[in-house]
Amino acid sequence: MKDVMTGPETLGSCAQKLEWDDPFAMTQQGFKRFRRRKGRDTSAPEHDSALSGQADSVSPTSHSSETSARDMAASAVKATSRLSQDGEHNRFARRPKTGRRQPIEGLAETDPQPQRLPAPLPEVWERLHRVPLDIRGHQVARSPLVNFFRNSPTANAFDLLRTRLLHSLKVQGWKRVAIAAPTAGCGATFSAVNLALSMARVPGTRTVLMDLNFRRPGIAAALKLPPSGDMPGFLAGELTLPEHLIRPAASLAVGLTAAPDRNAAEILHDGRCASVIDDMVLSTGADVALFDLPPVLEHDDAAAFLPQVDGVLLIADGTRTTAKHLAACEKLIDGQTQLLGVSLNRARGAGLLQYGQ
């Protein structure tokens, strides 16, 4: 084979030719530097840092990496410090989460209001219309009411009757008392009104007085109250308790009858009457309910209403009532209700006579 590289000129010309022909060809000086650098790298001893636990030398690349890591950490610390200093002034900075929601600027913070239930209605007794008594008018007219003559023997007699009657009712668990006389003019209405006023003075009690004397209503006139009240409509269930009953005193309720009614017996015989009376006593919470009835021996009104009461208090007149009258009344009452007693009115030499004069 013929050697084409016979001299230095030939070698130089070939190298020059290769340099110009191939732009990626390595020059002779570069090749020498490459050889020298490679020789130094291969001559350096190798150590296993993982086995020996020590690093004999640190390369420039690892040194620069550590420097870069420290610089980045310092930059992060500075940035964090700057954000924490500007956090109070930065409206977009992240706020720490707390248990309560942060209020929105410009809107009033309102707490949710609890649901309010409608207020309960007061009891029936408190809803009854209050009509106070005309005390001055009664004093001027010298009305025969025990509240205005507390020191009279008559007032003492009614207080004694009240105490005995309340004791008997409490022992038996009774509440409804009918007050009636054998004949007209014995003072049944007078006794019913004064007994109701005396009972109403007992603290913590409630008394209801009903005018069921459709023949001659007299409770409104005795108390000087307006003669109003639809008693037939109330007993038929057409009126409520607040629409009919009124309260002349804090512990006294009254049901009035405006005018006489010929159908009195039919009204008291009606089955609705019993239901209304039951509801009245229960709803008002009355301790005693007094019913002023027409004369027992003159009409059948009282006989029709006797099954609705627990007992009857007979009012006798010392000037006109006889033993025969009382016996007839006792016979009529027997089997329907209890006879609670007989109260003698206008007895000669007694306080009731002096009061009546």
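Heavy-atom basis, side chains included; hydrogens, waters and symmetry copies ignored. Positions are given from 1, in the same order as the sequence printed here.
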Donor-acceptor pair, side chain of [X] and main chain of [Y], under 3.5 angstrom:
{"X": "Asn194", "Y": "Pro144", "result": "yes"}
{"X": "Thr207", "Y": "Val288", "result": "no"}
{"X": "Arg272", "Y": "Gly237", "result": "no"}
{"X": "Thr337", "Y": "Val309", "result": "yes"}
{"X": "Gln308", "Y": "Ile277", "result": "no"}
{"X": "Arg320", "Y": "Cys186", "result": "no"}
{"X": "Asn213", "Y": "Arg216", "result": "yes"}

Would you say Met231 and Ile179 are hydrophobically clustered, going by side-chain heavy atoms of ILVMFWY under 4.5 Å?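 No; Ile179 is not reachable from Met231 via cluster members.
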Ion pair present between Arg176 and Asp278, side-chain N to carboxylate O less than 4.0 angstrom?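 Yes.
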Would the Phe190 and Phe158 ring centres measure less than 6.0 Å apart?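 That pair passes the under 6.0 Å test.
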Intermediate values then yes/no, salt bridge (charged side-chain N to carboxylate O under 4.0 Å, His left out), Arg206 and Glu123: CA-CA 13 Å; Arg206 293 177 178 179; Glu123 58 177 333; 2.8 Å; yes
I want to check something: taking the side chain as every heavy atom from C-beta on, are Met199 and Leu165 in contact at a cut-off of under 4.5 Å?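 Contact flag for Met199/Leu165 side chains = yes.
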